[in-house]
Amino acid sequence: MEVFSDSRCFVCGPENACGLNVVFSVDKENARASASLSVPERFQGWQGVVHGGIVAALLDEVGIYACRARGEQF
């Protein structure tokens, strides 16, 4: 599958002013990915808690970065 770079991704797109702009680190040898971030307050669910949809989006994105680490150059 060919994957094209898209700078407008909600989670990792640097050109998405409304997004999270997360930068992932990829460990190709161990097929792992990670990121360190502070989620802005505007993405809260309950007071002081990150909305579950944001958590799900982050898990989705880090999962694909880890899977892609097996077959792509970063």
Side-chain angles (χ1 to χ4, degrees):
M1 174 175 95
E2 190 170 357
V3 179
F4 298 97
S5 178
D6 185 356
S7 59
R8 303 282 303 151
C9 173
F10 173 74
V11 175
C12 69
E15 294 181 25
N16 189 332
C18 296
L20 296 171
N21 308 120
V22 179
V23 176
F24 289 92
S25 297
V26 177
D27 176 355
K28 287 176 43 176
E29 185 174 314
N30 294 303
R32 294 180 184 173
S34 62
S36 179
L37 72 143
S38 293
V39 178
E41 190 175 77
R42 69 181 185 268
F43 296 119
Q44 81 172 29
W46 192 252
Q47 184 178 16
V49 178
V50 177
H51 189 278
I54 299 298
V55 173
L58 288 165
L59 289 170
D60 177 66
E61 194 78 9
V62 75
I64 193 62
Y65 268 83
C67 290
R68 287 176 55 196
R70 291 221 176 250
E72 293 186 23
Q73 296 292 326
F74 280 86

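All values derive from a computational prediction rather than experimental measurement.
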### Task
Please list all pairs passing the side-chain hydrogen bond (donor to acceptor under 3.5 Å, both in side chains) test where one or both residues lie in residues 29-43, with sequence neighbours left out.
Asp27-Asn30

### Query
Just wondering, do Leu58 and Val62 contact through their side chains at under 4.5 Å, heavy atoms?
no

### side-chain hydrogen bond (donor to acceptor under 3.5 Å, both in side chains): pairs with one or both residues in residues 15-25, sequence neighbours excluded
Ser7-Glu15

### Ala33 to Ala66 - nearest heavy-atom pair and separation
CB-N, 3.7 Å

### Task
Each residue besides Val49 in its hydrophobic cluster should be listed here, by chain and number; the cluster joins Ile, Leu, Val, Met, Phe, Trp and Tyr at side-chain heavy-atom distances under 4.5 Å.
Trp46

### Message
Leu37 and side chain to side chain contact (heavy atoms under 4.5 Å, CB included): which single residue from Val11, Val23, Val22 fits?
### Response
Val22

### Summary
Taken in chain and number order and not counting sequence neighbours, the residues that satisfy side-chain contact (heavy atoms from CB on, under 4.5 Å) with Cys12 are Cys9, Phe24, Glu61, Tyr65

